[in-house]
Structure formats: C-alpha cells, structure tokens
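Numbering of ligands and ligand atoms starts at 1, following listing order.
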Amino acid sequence: MILNKETAIKTAELLLQIKAIKLEPQQPFTWASGWNSPIYCDNRIILSYPPIRNYIREQFARQIEELYGKPDVIAGVATGAIGIGMLVAEYMNLPFIYVRPEAKGHGRKNQIEGVLQSGQTVVVIEDLISTGNSSLNAVKALQEAKANIKGMMAIFSYGFKTAEDNFQAAGIELHTLGTYEQLIETALKTNYINTTEAETLQAWRQDPSNWKP
Ligand SMILES: O=P(O)(O)OC[C@H]1O[C@H](OP(=O)(O)OP(=O)(O)O)[C@H](O)[C@@H]1O
Ligand SMILES: O=C(O)c1cc(=O)[nH]c(=O)[nH]1
C-alpha cells in the first residue's frame with residue numbers, strides 16, 4: 001500500500017536524481033529471487049546523500065508514528081535496510097535490531113542482532129520489495145522470537161501480485177514510500193527513459209519471472 005501520492009512522486013524524483021534506477025535490458029540483472037530483470041533499483045545509494053537519506057528517514061518516521069504510534073523496536077532487514085533502518089530508529093529515539101537472512105554459522109550464531117524481548121512491538125524496515133521473500137523471512141524470524149510485528153515499511157516495491165499475495169498470506173501490512181507506476185511516470189516525464197524503454201518495462205512487469213531480453 002502506498003503511503004501517499006506526494007511522497008511517491010518525491011521518492012521517484014529522488015531515486016532518479018541519484019541514479020538509483022539502473023536499466024540494462026541487454027545485460028539483465030539477477031535478483032535475489034533468481035529472476036532476470038532489465039531494471040535494478042539500488043536504494044543503498046541513498047545513504048551516500050545526506051539530504052535524501054534525511055528525507056526518507058523522516059517520511060518513514062512520520063508514517064510509522066501516524067500508523068502505529070511508537071513501536072518498542074525498529075528492525076532492519078539485512079543488509080540493504082540496516083543503514084536506513086538505523087537512521088529511522090535514531091530519529092525516533094528507539095532501539096534498533098537487524099535480521100540476517102539466516103543465523104550466523106559462528107560466534108553467537110544469531111539471526112537477529114541486537115536486543116529483542118518477547119512481546120515487544122516491532123516495525124520492520126526494508127529497502128526494497130520484489131517477491132517479498134526476504135522481508136517475510138525476516139518477519140518469520142522475528143515472530144519466532146515472539147516479536148509483535150506491527151507492519152513492514154519499504155522505500156520501494158515493484159508491486160507484484162506475488163508479493164501482495166505473500167504479505168497477505170503472512171498477515172503482514174506493507175506500506176511503501178514509492179511505487180513502480182509512479183517511478184515509470186516520473187522517469188518518462190524527466191526523460192530518464194524513452195517511450196520504447198517504458199514499453200519494455202511495462203511488458204516485463206506483466207510476467208517478470210519468465211522475462212527474457
Ligand atoms: O523481495 P525479494 O524478492 O526478497 O527481493 C528484495 C531483496 O533483495 C535485496 O536484497 P539482496 O538479497 O540483494 O541483499 P542485500 O540486502 O544484502 O543487498 C533487497 O535488499 C531486498 O532485501
Ligand atoms: O530483487 C532483488 O534482488 C532486487 C531488485 C532491485 O531492483 N533492487 C535490489 O536491490 N534488489
């Protein structure tokens with residue numbers, strides 16, 4: 001679910017401004033899910049731009065307070081959302097933890113790093129949602145540790161039906177700052193992409209798991 005249109009427009013403008021959106025239809029990117037894709041959204045770049053990371057941090061903090069009040073803990077999904085999650089926690093003066101894709105094989109063998117107590121309310125921050133599997137894997141680990149998950153907030157989602165279904169099946173509310181539709185609209189308007197590229201991106205989105213260049 002998009003948080004609000006104004007934020008979606010601004011988020012798209014900022015991601016394009018810092019060239020977080022990469023298009024390479026001839027040399028597709030491989031995603032975490034194994035899918036091939038002509039597009040990659042590298043939200044990690046946001047951390048290199050203080051005014052932009054401040055904007056994202058403040059949007060998250062404002063929306064979290066509006067939706068859930070103050071949770072006990074902010075969690076980030078490793079590694080992409082550790083940085084921005086920590087900034088949100090700092091801004092809200094809340095504890096921060098992060099969740100690895102799996103438990104470490106050595107040391108304390110933790111999957112969740114930081115302090116989480118049974119029954120604590122948690123808002124989970126993610127940088128990006130494709131299938132939603134990484135995010136929901138983190139949610140599962142938190143729930144197994146008896147966290148009370150209030151919701152998941154992401155900078156951007158491709159808005160795939162499979163992700164929506166996955167979140168619905170898990171009973172987790174997802175809110176995003178930016179959307180694919182807004183990104184493509186803004187990218188066209190600002191000549192970041194041309195109409196042929198926009199058509200490729202729309203066609204790809206119809207069946208992303210089977211797309212080939
Ligand atoms: O919705 P999904 O299909 O799971 O894909 C999205 C995930 O992919 C990226 O992480 P990546 O695996 O590239 O690792 P990183 O966060 O360590 O960069 C991103 O940060 C999300 O966590
Ligand atoms: O699904 C992914 O792995 C993925 C897609 C994308 O656009 N950006 C990203 O960081 N990961």
So between [options], whose heavy atom ends up nearest [atom]?
atom: atom 16 (O) of ligand 1; options: Gly76, Gly80, Ser134; result: Gly80
atom: atom 1 (O) of ligand 2; options: Ser134, Gly132, Ala20, Ser130; result: Ser130
atom: atom 20 (O) of ligand 1; options: Asp127, Asn137, Thr30; result: Asp127
atom: atom 15 (P) of ligand 1; options: Leu128, Thr162, Asn166, Thr79; result: Thr79

At a 4.0 Å threshold, what atoms of ligand 1 neighbour a non-hydrogen atom of Asn133?
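It comes down to these atoms of ligand 1: 1 (O), 4 (O).
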Contacting atoms of ligand 1, where contact means under 4.0 angstrom from a heavy atom of Gly132
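Ligand 1 atoms under the 4.0 Å threshold to Gly132: 1 (O), 2 (P), 3 (O).
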From Asp127 CG over to Arg44 CZ, what is the distance, rounded to the nearest 0.5 angstrom?
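Rounded to the nearest 0.5 Å, the CG-CZ separation comes to 5.5 Å.
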I'd like to know if Glu66 pairs up with Arg62 as an ion pair, taking the criterion as any Lys NZ or Arg NE/NH1/NH2 lying under 4.0 Å from an Asp or Glu carboxylate oxygen.
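Yes.
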Students should be able to answer this: which protein heavy-atom is nearest to [atom], and at what distance?
atom: atom 22 (O) of ligand 1; answer: Glu126 OE2, 3.0 Å
atom: atom 7 (O) of ligand 2; answer: Tyr158 OH, 2.5 Å
atom: atom 14 (O) of ligand 1; answer: Arg44 NH2, 4.3 Å
atom: atom 8 (O) of ligand 1; answer: Ala32 CB, 3.7 Å
atom: atom 3 (O) of ligand 2; answer: Ala32 N, 2.7 Å
atom: atom 4 (C) of ligand 2; answer: Leu128 CD2, 3.6 Å

Relative to each other, are the rings of Phe156 and Tyr158 parallel, tilted or perpendicular (30° and 60° limits)?
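Ring orientation of Phe156 relative to Tyr158: perpendicular.
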Which of these, Ser130, Pro208, Ser209, sits in a side-chain contact (heavy atoms from CB on, under 4.5 Å) with Trp31?
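When side-chain contact (heavy atoms from CB on, under 4.5 Å) is applied between Trp31 and each of Ser130, Pro208, Ser209, only Ser130 qualifies.
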Ring center gap for Phe160 and Trp204 short of 6.0 angstrom
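Yes.
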Using side chain to side chain contact (heavy atoms under 4.5 Å, CB included), reason through Lys104 and Glu113 one step at a time and then give a plain yes or no.
CA-CA 10 Å; Lys104 265 176 74 157; Glu113 299 290 2; 3.8 Å; yes
When you compare the side chain of Phe96 with that of Ile82, does any pair of heavy atoms fall below 4.5 Å?
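Sidechains of Phe96 and Ile82: in contact.
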Should Met152 and Glu126 count as side-chain neighbours, where that means a heavy-atom distance under 4.5 Å?
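Answer yes - side chains close enough.
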Let me see the working for Asp72 and Leu94 under side chain to side chain contact (heavy atoms under 4.5 Å, CB included), right down to the final yes or no.
CA-CA 7 Å; Asp72 294 321; Leu94 289 173; over 6 Å; no
Output yes when the distance from some N or O of ligand 2 to some N or O of Cys41 is under 3.5 Å, and no in every other case.
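Yes; the residue has a nitrogen or oxygen that sits under 3.5 Å from a nitrogen or oxygen of the ligand.
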Asp42-ligand 2 polar pair, N/O distance under 3.5 Å:
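No; the residue has no nitrogen or oxygen that sits under 3.5 Å from a nitrogen or oxygen of the ligand.
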What part of Trp35 sits under 4.0 Å from ligand 2 if we count only heavy atoms: the side chain, the backbone, both or neither?
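Answer for Trp35: neither.
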Region of Thr131 that comes within reach of ligand 1 [heavy atoms, distance under 4.0 Å]:
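Thr131 to ligand 1: contacts from backbone and side chain alike.
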Compute the shortest N/O to N/O distance between Ile129 and ligand 1 and return yes if it is under 3.5 Å, no if not.
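Checking ligand 1 against Ile129, no N or O pair falls under 3.5 Å apart.
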Worked verdict on Glu181 versus Lys5 for salt bridge (charged side-chain N to carboxylate O under 4.0 Å, His left out)
CA-CA 11 Å; Glu181 288 78 8; Lys5 173 111 181 174; over 6 Å; no
After noting the C-alpha distance and the side-chain angles of Glu6 and Lys10, does the key distance pass the salt bridge (charged side-chain N to carboxylate O under 4.0 Å, His left out) rule?
CA-CA 6 Å; Glu6 198 189 314; Lys10 184 78 181 161; over 6 Å; no
